[in-house]
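Along the sequence shown, the residues carry numbers beginning at 1. Side chains included, hydrogens not; waters and symmetry mates left out as well; all remaining heavy atoms used.
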Amino acid sequence: QVQLVESGGGLVQAGGSLRLSCAASGGAFSSYAMGWFRRAPGKAREFVAAINWSGTSTYYADSVKGRFTISRDNAKNTVYLQMNSLKPEDTAVYYCAASRSRASQSRGVDYDYWGQGTQVTVSS
């Protein structure tokens, strides 16, 4: 069983930056693909970014492409989401997820483990 704990959320002004971290324990982190999703108030969960098991392949939602960067450190069992040029519409609870598939996945159903989420609020 894999446990995922997100951190790094907070309140930031539009145009600012945040870096989210997701620490994994209890499983073979380096063999999992990892992803970030978000859920804004009153909206469905949406895919943000994904990275394959080795960190050599990444995939982004169009809405964050060029602003967000996903990365991982397998030695630290941690995946990161660097968020730059934040917009009010990025306000959401951000979740990290782990997939037993090694390839990057964009569908939530392809993920096996989920964290509890961290709140990101971007003020205008």
### Query
Which atom names give the shortest non-hydrogen contact between A14 and P88, and what distance separates them?
CB-CD, 4.1 Å
### Query
Short question: side chain of T118, backbone of G9 - any donor-acceptor pair under 3.5 Å?
yes
### Message
Ignoring hydrogens, what is the shortest heavy-atom contact between T56 and S54? Give both atom names and the distance.
### Response
OG1-OG, 2.8 Å
### Task
Please tell me if the side chains of F68 and V48 come closer than 4.5 Å, counting only heavy atoms from C-beta onward.
yes
### Query
Taking atom OG of S25 and atom CG of L4, what is their separation to the nearest 0.5 Å?
7.5 Å
#### Entry: Euclidean distance, N52 CG relative to T58 OG1, rounded to 0.5 Å
8.5 Å
### Query
Under a 4.5 Å cut-off applied to non-hydrogen side-chain atoms, are Q82 and S17 in contact?
yes
### Message
Return the CD to OG distance between Q13 and S123, rounded to the nearest 0.5 Å.
### Response
5.0 Å
### Six-ring centre of F29, R72 cation under 6.0 angstrom, axis tolerance 45°
yes
### Query
Which atom names give the shortest non-hydrogen contact between S106 and F37, and what distance separates them?
O-CE2, 3.7 Å
### Task
To the nearest 0.5 Å, tell me how far Y111 OH sits from Q105 CD.
6.0 Å
### Message
Is it true that, when you exclude Y59 itself, more than 12 heavy atoms of the residues, nucleotides or ligands shown sit nearer than 6.0 Å to its OH?
### Response
no
### From OG (S104) to CG (D110), nearest 0.5 Å
11.0 Å
### Task
Keeping to residues at least two apart or across chains, list the salt bridge (charged side-chain N to carboxylate O under 4.0 Å, His left out) pairs with something in residues 74-95.
R38-D90, R67-D90
### Message
For a 4.5 angstrom cut-off between non-hydrogen side-chain atoms, does F47 reach W36?
### Response
no
### Query
Hey, are the side chains of V120 and L18 touching, using non-hydrogen atoms and a 4.5 Å cut-off?
yes
### Message
Quick check: is M83 connected to V12 through a chain of hydrophobic side chains (ILVMFWY, heavy atoms under 4.5 Å apart)?
### Response
yes
### Message
Looking at every heavy atom in both V2 and G27, which two are closest together, and how far apart are they?
### Response
CG2-CA, 3.8 Å
#### Entry: Interatomic spacing from OG in S101 to CH2 in W53 - rounded to 0.5 Å
12.0 Å
### Message
Surrounding CD of Q119 (heavy atoms of other residues, nucleotides or ligands, distance under 6.0 Å), is the total greater than 12?
### Response
yes
### Check: M34 and I51 side chains under 4.5 Å, non-hydrogen atoms
yes
### Query
Within a strict 4.5 Å, meaning less than it, do heavy atoms of the Y113 and R100 side chains meet?
yes
#### Entry: Cation-pi, Y80 ring and R19 (6.0 angstrom, 45 degrees)
yes
### Query
How about I70 and V79: do any of their side-chain heavy atoms sit closer than 4.5 Å?
yes
### Message
Ignoring hydrogens and geometry beyond distance, is a side-chain donor-acceptor pair present between R45 and Y95 at under 3.5 Å?
### Response
no
### Cluster overlap V64 with V122, hydrophobic side-chain contacts below 4.5 Å
yes
### More than 12 heavy atoms from other groups under 6.0 Å of NZ on K43
no
### Message
With side-chain contact (heavy atoms from CB on, under 4.5 Å) as the criterion, how do E6 and S21 come out once you've worked through the C-alpha distance, each side chain's angles and the decisive distance to 0.1 Å?
### Response
CA-CA 6 Å; E6 302 95 336; S21 299; over 6 Å; no
